[in-house]
Amino acid sequence: MEKDHYFRVDFDQLLNIPENTSDRERIIENEINRVFPKATPDDVISFGKYKGKTFREIFATDPGYIDWFLRNNQTLDIDVNAFVSMMRK
């Protein structure tokens, strides 16, 4: 793939996107989110001192940890809007 300059992936065909559809960007974004889901407040943490708890549970008892986590996370893709919504409630 790296050596063949003519190699091309046809994402429209791969995702069965109809020609000239106005929803192309939305379809591709939905597929990316399906394959690579973002972390949400209801996801269970699989590491650290709060292993086995959801972000929401942790926020209820230690909101500072969630603030720290969001500022220092470099590995998880996070649904920022969902976390902001949780923190505003």
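Side-chain atoms are counted along with the backbone in the values below, which use heavy atoms only and exclude waters and symmetry mates. The chain is numbered in sequence order, starting from 1.
Partners of Asp42 under the salt bridge (Lys or Arg N to Asp or Glu O under 4.0 Å) rule, at least two apart in sequence or in another chain, are Arg56. A search for side-chain contact (heavy atoms from CB on, under 4.5 Å) contacts involving Arg88 returns Val84, not counting sequence neighbours. Every residue meeting the ring pair (Phe, Tyr, Trp, His ring centres under 6.0 Å) condition with Tyr50, not counting sequence neighbours, appears here in chain and number order: Tyr65. For Glu31, the salt bridge (Lys or Arg N to Asp or Glu O under 4.0 Å) partners are Arg34, not counting sequence neighbours. A search for side-chain contact (heavy atoms from CB on, under 4.5 Å) contacts involving Asn33 returns Glu29, Lys38, not counting sequence neighbours. With sequence neighbours excluded, no residue forms a side chain to side chain donor-acceptor pair (under 3.5 Å) with Asp77. Residues passing the salt bridge (Lys or Arg N to Asp or Glu O under 4.0 Å) test with Asp12 are Arg24, sequence neighbours excluded. Ser85 meets the side-chain contact (heavy atoms from CB on, under 4.5 Å) test with Lys89; sequence neighbours excluded.
Screening residues 69-89 for ring-ring contact (aromatic ring centres under 6.0 Å, His included), with sequence neighbours left out, gives Phe55-Phe69, Phe55-Phe83.
The side-chain heavy atoms of Thr61 and Lys53, taken from C-beta on, include no pair separated by under 4.5 Å. Contact annotation: the side chain of Asp62 never approaches that of Ile66 to less than 4.5 Å [non-hydrogen atoms, C-beta and beyond].
Of all heavy-atom pairs spanning Pro41 and Met86, the tightest one is CB-SD, 3.5 Å. The nearest pair of heavy atoms linking Asn73 to Leu76 is ND2-O, 2.7 Å.
Under the 4.5 Å side-chain heavy-atom criterion for Ile, Leu, Val, Met, Phe, Trp and Tyr, Met87 and Ile45 are members of the same hydrophobic cluster. The hydrophobic cluster containing Ile78 does not contain Val44, counting ILVMFWY residues as joined when their side-chain heavy atoms lie under 4.5 angstrom apart, directly or transitively. A continuous path of Ile, Leu, Val, Met, Phe, Trp and Tyr side chains, each step under 4.5 Å between heavy atoms, connects Val35 with Ile27, placing both in one hydrophobic cluster.
Shown here is Phe47, whose CZ atom has more than 12 heavy atoms of other residues, nucleotides or ligands within 6.0 Å.
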Please list every donor-acceptor pair under 3.5 Å in which a side-chain atom of residues 14-23 meets a protein atom from a residue at least two apart or in another chain.
residue : atom : partner : partner atom : Å
Thr21   : OG1  : Asp23   : N            : 3.3
Asp23   : OD2  : Arg26   : NH2          : 3.3

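In this structure, Asp43 CG and Thr54 OG1 are separated by 9.0 Å, a value rounded to the nearest 0.5 Å.
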